[in-house]
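Computed from heavy atoms alone, side chains included, the values below leave out hydrogens, waters and symmetry copies. Index from 1, following the sequence. Order of appearance sets the numbers: ligands from 1, and atoms from 1 within every ligand.
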Amino acid sequence: MTAPALPGHPHLAYQGAELCLEGQPLAALAQEYGTPLYVYSKAAMLQALAAYQCGFAGRQVQICYAMKANSSLAVLQLFARAGCGFDIVSGGELARVLAAGGDPAKVIFSGVGKTRAEMRQALQAGIGCFNVESEAELEVLNQVALELGLRAPVSIRVNPNVDAKTHPYISTGLKGNKFGIAHERTLATYQRAASLPGLRVVGIDCHIGSQITELAPYRDAIERVLDLVQAIEAAGITIEHLDFGGGLGITYHDEQPPAADALWTALLAQLDARGYGGRKIMIEPGRSLVGNAGVCLTEVLYLKPGEQKNFCIVDAAMNDLPRPAMYEAYHAIVPLQPRPEGVRCLYDVVGPVCESGDWLGRERHLAVQPGDKLAVLSTGAYCASMASNYNTRGRAAELLVDGAQTTLIRPRESAAQTFAHERLLP
Ligand SMILES: *Cc1c(COP(=O)(O)O)cnc(C)c1O
């Protein structure tokens with residue numbers, strides 16, 4: 001018997017007494033590969049991408065996967081083969097894109113603190129566009145390009161000053177934010193860029209935040225960006241592409257974000273209404289392409305009842321799943337093999353790391369025993385890519401399932417590997 005897929009997770013469902021991803025029983029994978037273990041569904045990633053592609057049918061669009069969401073080489077390879085470009089935020093990410101076979105011409109480089117070395121690396125690789133975030137960066141990029149005898153393609157990231165109505169740490173489009181150039185400075189900055197011989201203006205971009213679950217902030221941002229495009233072009237500077245960033249949310253709990261195709265059907269109608277629907281459009285989705293394609297499997301180590309709280313101590317921790325500690329984020333936690341007869345108790349699900357911030361879920365009703373395996377859901381984005389070795393914990397293994405096929409895309413890291421590059425004193 002197959003139950004309906006879990007909310008937001010198209011390929012995750014209980015089949016009989018087993019939680020399965022693309023039909024594969026996850027308990028068997030946990031048994032074979034050990035825990036903690038990230039498991040990603042290829043079909044879920046391609047389905048998320050297809051939703052965007054469907055919304056953009058018949059348009060000139062480049063989807064640049066914001067790879068900081070999940071930068072594992074095999075995941076990058078999957079998106080590169082599907083025709084995606086990449087939004088990068090460091091020279092390290094550029095090296096990963098190239099190692100995964102990505103096309104440098106489809107790479108855009110965002111971020112407020114690009115170094116000269118990173119600019120050189122990206123210019124020499126021939127990336128498609130630098131998304132410049134300050135007037136000072138513009139001057140440095142011009143110098144670096146001239147030193148190499150090249151012209152850097154640039155887009156200026158504008159801060160449209162709209163409230164994405166999301167967590168303050170993942171909101172990026174408000175005035176008090178470190179990202180982008182203020183609306184009022186945009187025209188002057190474009191005029192400066194157009195006058196510099198080492199630069200070639202190609203676009204404009206914005207990215208207002210992450211985990212956005214409403215249409216309105218996008219609408220507001222687009223209106224403001226189009227006002228700017230009008231003013232910039234009236235000043236004689238041509239804008240070839242319009243880049244509206246990423247940020248579309250996913251269902252972690254009970255959020256109901258718009259579907260990517262519905263969102264873009266609405267936004268393209270808005271662009272059409274203002275006469276910009278025929279322009280080249282770029283977007284930079286991250287979380288919405290991979291977040292609900294992944295789960296993290298973990299084993300219950302101990303149950304620790306207490307006077308005020310019961311703890312369910314598992315073998316995954318904040319170093320594997322940093323979002324709860326960083327943003328107090330919610331991730332659903334479900335058993336791989338439910339115990340229908342078991343007594344459900346209220347637990348805080350916590351990891352072994354020596355920090356009170358090391359929790360994965362608070363006040364969860366679970367019927368579990370030591371040795372049971374759990375899945376932490378919605379862990380395809382900003383989990384493995386944010387993982388650390390804190391407490392000298394090796395990084396978890398990562399698997400990609402594709403129907404009946406399973407590929408180990410990152411073996412579990414040993415303790416020795418975590419300190420292999422360190423040196424003892426002479
Ligand atoms: C992080 C980031 C994205 C992706 O955001 P998501 O919320 O994961 O879609 C896109 N563009 C820029 C500039 C970013 O920093």
Please output the residues near ligand 1 using a strict heavy-atom distance under 4.0 Å, listed in chain and residue-number order.
Ala66, Lys68, Asp87, Ser110, Arg157, His207, Ser210, Gly246, Gly247, Glu284, Pro285, Gly286, Arg287, Tyr382
Residues that Phe311 engages under ring pair (Phe, Tyr, Trp, His ring centres under 6.0 Å), provided they are two or more places apart:
none
Partners meeting side chain to side chain contact (heavy atoms under 4.5 Å, CB included) with Asp272 (sequence neighbours left out):
Arg59
Who are the side chain to side chain contact (heavy atoms under 4.5 Å, CB included) partners of Glu139, not counting sequence neighbours?
Arg192, Leu196
Show, in sequence, the C-alpha distance, side-chain angles and deciding distance for Arg323 and Thr379, and conclude whether the side-chain contact (heavy atoms from CB on, under 4.5 Å) test is met.
CA-CA 9 Å; Arg323 298 187 67 255; Thr379 45; over 6 Å; no
Using a strict 4.0 Å threshold on nitrogen-to-oxygen distance, state whether Glu240 and Lys280 make a salt bridge.
no
Apply salt bridge (charged side-chain N to carboxylate O under 4.0 Å, His left out) to Arg287 and Glu255, showing your working.
CA-CA 14 Å; Arg287 186 190 314 271; Glu255 305 90 332; over 6 Å; no
